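First comes the structure, then the notes that go with it.
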Amino acid sequence: MEFSDENRVKENPAECVLESVEIDHMVADEKRDELRDVKQADSKQSNCSDEVKKTVVEPSQPVVGGGGRRKGFNMLRFLEVPVAGKEEEAWKTIEKRFHHQAPDGKLSRDKFGACIWTKKESAGKESTDFAAELYDVLARKRQIKAEKGITLQELRAFWEDLIKDDLHSRLRIFFDLCDKNGDGKISREEVKTVLEWSASTNKLRSIKKQSGKLSSLIMEELDPDGNGFIEIEHMEALVKEMWNSAELQSQESRLLALAPILGRCKTPNSRFARETKEFIIGNWKRVWVLTLWVAINIGLFVWKFIEFMEEGSFEVMGYCVSIAKGAAETLKFNMALILFLVCRGTLTALRSTALNSIFPFDDHIHFHMAVAAVIVVATLLHTIMHLACDFPRLISCPKNRFMATLGPNFNFKKPTYGDLVASVPGVTGILMIVIMFFCFTLATPLFRRHKHKLPPLLQHLAGFNAFWYAHHLLLLCYILLILHGHFIFLTQDWYKKTTWMYLAVPILLYVCERFLIKFNQLNHKVNVKKGVVYNGNVLALYLEKPEGFKYKSGMYLFVKCPDISKFEWHPFSITSAPGDDYLSVHIRALGDWTGELRRRFENICVPESTSKRGGLIRQETQSHSDYFPSNSSDIYPQILIKGPYGAPAQSYEDYDVLLLIGLGIGATPMISILKDLLNHIKTNDPHSAGAQKLPQKAYFYWVTKEQASFDWFKGVLDDVAEYNQDNIIEMHIHLSCVYKEGDVRSVFITMLQKIQQSRGEQVDVLSGSRTRTNFGRPDWEKVFARLASVHKGSEIGVFYCGEYSPVKELRGHCQNFSDGSTSTRFRFHKENF
C-alpha cells in the first residue's frame with residue numbers, strides 16, 4: 001500500500017485516498033466499488049478530512065534522507081517511525097532527551113536507551129542491556145569509538161540508521177545484534193542467548209524455560225543444510241515471508257477501516273449533529289429515566305416550597321423554611337429510591353420482564369451513586385437552611401408573634417437554639433449526618449480502591465470490608481429518618497408526615513429479600529467438586545449445582561467462606577454455562593479475603609503431577625502450576641453461595657453480533673457466554689427450525705498481561721477451536737506484555753509462531769492452546785471499523801469487563817462507528833459490581 005504526501009491529502013483528501021491506495025488483486029470487488037464511491041465524495045467536508053488522514057496516513061512514510069515511499073515498516077522495527085513530514089519534530093524530541101541525559105555533550109552507553117525510547121519503553125534492566133548492545137552494533141557499523149560516549153551528531157546518525165526504510169539495512173543491524181562474537185554467523189548458542197533475552201524482555205517465562213528446545217527449532221528452520229550456524233540470507237528469507245504476510249493483512253484492514261469513515265463523510269449532517277443523534281439513540285433509556293428522575297425531584301421541591309409559602313411558619317422564617325422543606329421532600333424520595341436500587345433480587349427479576357426494554361437496569365450502580373450525590377446535596381441544603389437561617393429567625397422572633405403563628409407547634413413554649421438542637425428532630429438529624437458522612441466517605445474511590453494513598457492512620461478504614469460494613473450502618477439511618485419525620489415541629493397532621501409513605505415499599509422489599517436469604521440459608525451451602533490453583537493468583541472453584549439454581553450466562557453470584565469470615569459475601573461472575581451440571585467461578589486473589597481463600601485451597605491440594613486427571617473441564621488443568629484436590633471433598637473449606645443476580649452481559653442473546661471484551665480476570669462473564677454458545681453448537685443445528693436463536697457471530701477479545709493467564713481458560717480456547725466448525729465464534733487473545741509484532745524485541749517470538757504454523761502444529765507456542773496469540777493490545781479503532789464494514793445494518797452488542805481505563809475509548813468507538821445511514825449500531829455494556 002502506498003501513500004501520497006501529506007500536503008495533497010490536506011487539499012483533497014477523498015481524491016488522494018483513491019490515488020494513494022493500491023488495491024491488491026485478491027481484494028474483493030466490493031472494496032473497489034467502495035473506493036470508487038469515495039472519489040465522488042465532497043472533498044470540502046472538512047469535518048471528515050481529519051478522520052480520513054488519520055486512517056490513511058499511517059507510519060509507513062518516507063524518512064529523513066529518503067525520497068522514496070515507505071511500504072510497510074512493520075518488520076524489524078527498532079523504534080516508532082516518525083510520520084512523513086514530521087521527522088524533524090521527532091528528532092527534536094530525541095535531541096531534548098540527549099541534552100537531559102548528556103549535559104556534558106557526550107551520551108554514555110547506559111543512557112542510550114533512555115534517549116531513543118520513551119520512559120516506559122526504556123524501563124527495566126532488559127531494555128537497558130538491549131539498548132547498550134544496540135549502541136555497540138551501531139558504533140561498529142559507523143566505525144565510531146564510542147567507549148566514552150557519542151556526540152549529538154553521532155546520535156543523529158545512529159537514529160537515522162534505526163529508522164531507515166531499507167529492510168536489508170535493518171536486518172543487518174539485527175543480525176549483528178544476534179552475532180555476539182562478530183564472525184558473521186549465528187550459532188545455536190547465540191540463538192539460545194537471544195531467545196532467552198527476548199523471553200525475559202517480554203516476560204515469557206515458559207519460553208525461557210524451553211529456550212534450548214525452541215532454539216533448536218529455529219536452527220532447523222534457518223539452517224536447512226545442517227551447518228550448525230545461520231547466515232543472514234536464511235534469516236532474510238524468513239523475515240520477508242513474515243513481512244509480506246503482514247503487509248497483505250495490513251492492506252485489507254486499512255481498506256476495511258476506510259469504508260465506514262468515508263461513508264460518514266458522504267452524509268449531509270454535521271459531525272456534531274450525527275454524534276448527538278447517535279448518543280440519544282444509544283442512550284435513550286438513560287436519558288428518559290434521568291429526565292424523569294430530575295423532573296420528580298424538581299416537582300417535589302417546588303411543591304413543598306410553594307406549600308410552605310402559604311404556612312404561618314413562612315411569616316417567621318421566610319424563604320429559608322421553604323427551601324429546607326423542599327430539600328427534605330427530595331431527600332425522602334431519594335432515600336426510598338436508593339434502597340430500592342440495592343434490592344438485587346428484585347432488580348434481577350425485573351430484568352426478565354418487559355420493563356427491561358425501557359429501564360436501564362445495567363446502570364443501577366451508577367444510578368445508585370447519582371442518587372447518593374443528590375442525597376448529600378439535599379441533606380446539606382436542609383441542614384444549612386435550618387441551622388443557619390430558620391433557627392436564628394425562630395428564636396429572635398417576638399414572643400407575641402411567635403405564639404400567634406407557631407405556638408401550637410411548640411406547645412406554646414418558645415424554644416432556645418439549644419432546645420431545637422437537643423430535640424428529637426435535632427438529635428436524629430445530627431446522628432444521620434454523622435452516619436451518612438462516615439458511610440459516604442468510605443464509599444469514595446480514594447478509600448475503596450486507593451488505600452495506599454491514605455495516611456497510615458486512615459488505612460484501616462479503607463478497602464472493601466470497611467465500605468461493606470459501614471454501609472450497613474445506613475439501616476440505623478433509616479430508623480432515625482422515620483423518627484425525624486414523625487417528630488417534626490411544623491407538621492401536626494399524621495397524613496402530612498410523609499416520610500413513612502416514601503419508605504414503606506422499598507423497606508418492605510429489602511426486608512423480604514433479607515428474610516428470603518435467611519430462609520434459604522440451608523440451600524446456600526454447596527459441595528466443592530474441585531479446586532484448581534493457577535499461577536497469576538487465581539483460584540477456580542467447581543461446585544455442585546444446587547437444585548433449582550437457574551441462571552443466564554453473564555450473571556454473578558455471591559460467595560462466602562465462614563471459615564474465613566462469617567459475614568463477608570463477595571461477588572464473582574459465573575464462568576460455567578447454564579447447561580452445565582456444575583457451577584464454576586474464577587477468583588483472583590487481590591485482597592485479604594480472596595488471598596486467604598486461595599491460600600487455604602492451595603494448602604489442601606496436591607500438585608497435578610501426583611494426582612489423577614479430572615474430567616470436569618478438559619485441558620483447564622494441564623499446566624504444571626495447577627493444583628488438584630485430594631480425593632476427599634470433606635477437607636475443603638465450607639463454601640456458601642447466594643444468587644444468581646442480573647448483570648449487563650446476560651442480555652447477549654438480544655443481539656445478532658457480539659463483541660466480547662475481557663481484560664485479565666474480566667474475561668470471566670465472557671467465558672460463560674462462550675461456553676453457552678459452544679453447548680448449543682454441540683447439541684443443536686443452528687440452522688434448524690427448532691434450534692434456539694443464536695448470535696450469528698461472536699468476536700471474543702481477551703487482553704491479558706501474563707502468559708500464565710492462558711491456563712485459566714485453556715479448555716474453552718481448545719473447545720472453540722475444535723467445535724466451532726461454522727466459525728460462529730472468532731477468538732482474539734492478546735498478550736500485552738509482549739512488544740508489538742515487528743518490534744525487534746519480539747521478532748524471535750514471531751519467528752517461532754511462523755515456524756510452528758508452517759509445520760502444521762496446532763498448539764500456539766505462547767498460549768499453549770489452539771488459539772494463536774497476538775502481541776500487544778488490540779487497535780480498537782480497527783476492530784470497530786472492521787465490524788462496521790462486515791456487519792452493515794446489524795445491531796452489535798459490545799460487552800466489556802475489566803479495568804475502567806479503556807471504557808471511554810470503547811464507548812467512544814461505539815458512538816463513532818454507529819451509522820444511521822446503514823442502521824449499524826454498537827450497543828455498549830459494561831460490567832459493574
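Note that the structure is predicted; figures quoted are calculated from it, not measured.
- By the 30° and 60° cut-offs, the orientation of the rings of Phe710 relative to Trp702 is perpendicular.
- Ser127 and Trp117 make their closest contact through O-CZ3, 3.6 Å (heavy atoms, listed as atom of the first residue, atom of the second, distance).
- Look at Arg142 and Asp161 and you find a salt bridge, because one of the NZ, NE, NH1 or NH2 atoms lies within 4.0 Å of a carboxylate O, short of that distance.
- Ion pairing between a basic and an acidic side chain is recognised when a charged N comes within 4.0 Å of a carboxylate O; Glu154 and Lys145 show no such pairing.
- Expressed to the nearest 0.5 Å, how far CZ of Phe817 lies from CH2 of Trp780 amounts to 13.0 Å.
- Within the 4.5 Å cutoff, the side chain of Arg772 has heavy atoms near those of the Asn774 side chain.
- Atom CZ of Arg205 is surrounded by 12 or fewer heavy atoms from other residues, nucleotides or ligands within 6.0 Å.
- Note that NZ of Lys830 and OH of Tyr804 are 7.0 Å apart. Values are rounded to the nearest 0.5 Å.
- Judged by distance alone, the side chain of Glu190 and the main-chain N or O of Ser187 form a donor-acceptor pair under 3.5 Å.
- There is no side-chain donor-acceptor pair under 3.5 Å between Ser198 and Arg745.
- Among all heavy-atom pairs drawn from Arg170 and Leu162, the shortest one is CD-O, 4.0 Å.
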Note to self: Apply ring-ring contact (aromatic ring centres under 6.0 Å, His included) to residues His586 and Phe713 and explain how you reach the verdict.
What the structure shows: CA-CA 10 Å; His586 285 66; Phe713 309 117; 4.7 Å; yes
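- More than 12 heavy atoms of other shown residues, nucleotides or ligands fall within 6.0 angstrom of atom NZ in Lys141.
- In this structure the side chain of Leu659 reaches within 4.5 angstrom of the side chain of Phe784, judged on heavy atoms.
- Using a 3.5 Å distance cut-off with no hydrogens or angles, the side chains of Asp764 and Gln756 do not pair a donor with an acceptor.
- Atom CZ of Arg759 is separated from atom NZ of Lys754 by 13.5 Å, given to the nearest 0.5 angstrom.
- When atom types are taken as modelled, the side chain of Asp179 and the backbone of Gly184 share a donor-acceptor pair closer than 3.5 angstrom.
- Residue-environment remark: CG (Asp592) stays at or below the threshold of 12 foreign heavy atoms within 6.0 Å.
- Using a 4.5 Å heavy-atom cutoff, the side chains of Ile94 and Cys115 are in contact.
- Residues Glu741 and Thr750 have side chains that never bring a donor and an acceptor to within less than 3.5 angstrom of each other.
- Across all their heavy atoms, Gln707 and Leu204 have their closest contact at OE1-CA, 3.4 Å.
- Under a 3.5 Å cut-off, the side chain of Asn227 and the backbone N or O of Phe229 do not form any donor-acceptor pair.
- A donor-acceptor pair is defined here as one N or O able to donate and one able to accept, closer than 3.5 Å; such a pair exists between the side chain of His234 and the backbone of Leu222.
- Taking the side chain as every heavy atom from C-beta outward, Thr93 and Lys96 never approach each other to under 4.5 Å.
- Note that the OG1 atom of Thr201 and the NZ atom of Lys208 stand 9.0 Å from one another [nearest 0.5 Å].
- Put simply, the side chain of Ile755 reaches to within 4.5 Å of the side chain of Ile218, judged on heavy atoms.
- Atom CD of residue Glu189 and atom CG of residue Asn181 lie 11.5 Å apart, to the nearest 0.5 angstrom.
- Smallest separation of non-hydrogen atoms from Phe775 and Leu766: CE2-CD1, 3.4 Å.
- Side-chain N or O atoms of Tyr739 include none that pairs as donor or acceptor with a backbone N or O of Gly742 at under 3.5 Å.
- Between the side chains of Thr704 and Glu706, not a single donor N or O lies within less than 3.5 Å of an accepting N or O.
- Between the side chain of Trp712 and the backbone N or O of Gly664 there is no donor-acceptor pair closer than 3.5 Å.
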Check: Does the side chain to side chain contact (heavy atoms under 4.5 Å, CB included) test come out yes or no for Tyr534 and Leu539, once each step is laid out?
Finding: CA-CA 6 Å; Tyr534 293 103; Leu539 166 68; over 6 Å; no
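- Put simply, the side chain of Met219 reaches to within 4.5 Å of the side chain of Ile230, judged on heavy atoms.
- Using modelled atom types, one finds no donor on one side chain facing an acceptor on the other under 3.5 Å when comparing Lys106 with Thr151.
- A salt bridge links Glu730 and Arg786; the closest N-O separation between the charged side-chain nitrogens and carboxylate oxygens is under 4.0 Å.
- In this structure the side chain of Met235 reaches within 4.5 angstrom of the side chain of Ile186, judged on heavy atoms.
- Other residues, nucleotides and ligands place more than 12 heavy atoms under 6.0 Å from the NZ atom of Lys180.
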Note to self: Apply salt bridge (charged side-chain N to carboxylate O under 4.0 Å, His left out) to residues Arg109 and Asp136 and explain how you reach the verdict.
What the structure shows: CA-CA 8 Å; Arg109 182 175 181 266; Asp136 295 337; 2.8 Å; yes
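- A salt bridge links Arg156 with Glu160: at least one charged nitrogen is closer than 4.0 Å to a carboxylate oxygen.
- Here the OG atom belonging to Ser709 is positioned 11.5 Å from the NZ atom belonging to Lys714, to the nearest 0.5 angstrom.
- Residue His99 places its NE2 atom among more than 12 non-hydrogen atoms of other residues, nucleotides or ligands, all under 6.0 Å distant.
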Next item on the list: Test side chain to side chain contact (heavy atoms under 4.5 Å, CB included) on Glu95 and Leu152 and set out the steps.
Entry: CA-CA 7 Å; Glu95 186 177 6; Leu152 182 62; 3.6 Å; yes
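- Only one option out of Phe112, Trp159, Phe78 pairs with Leu138 in a side chain to side chain contact (heavy atoms under 4.5 Å, CB included); it is Phe112.
- Phe158 and Tyr135 have perpendicular rings, their planes meeting at more than 60° on a 0 to 90° scale where under 30° would count as parallel.
- In plain terms, the two heavy atoms of Cys801 and Gly666 that are nearest each other are CB-O, 3.1 Å.
- When atom types are taken as modelled, the side chain of His734 and the backbone of Gly776 share a donor-acceptor pair closer than 3.5 angstrom.
- By the 4.0 Å N-to-carboxylate-O rule, Lys740 lies too far from Asp743 to be salt-bridged with it.
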Item checked: Residues Cys737, Asn202; criterion side chain to side chain contact (heavy atoms under 4.5 Å, CB included); working and verdict -> CA-CA 6 Å; Cys737 65; Asn202 292 284; 5.5 Å; no
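- No donor-acceptor distance shorter than 3.5 angstrom exists from the side chain of Ser736 to the backbone of Arg777, with no hydrogens or angles considered.
- Heavy atoms only, all atoms of each residue included: Val538 and Arg598 are closest at N-NE, 3.5 Å.
- Residues Leu717 and Arg770 are not in side-chain contact: their nearest non-hydrogen atoms beyond the backbone lie 4.5 Å or more apart.
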Next item on the list: List the steps, then state whether side chain to side chain contact (heavy atoms under 4.5 Å, CB included) holds for Leu195 with Ile749.
Entry: CA-CA 8 Å; Leu195 186 58; Ile749 311 301; 4.3 Å; yes
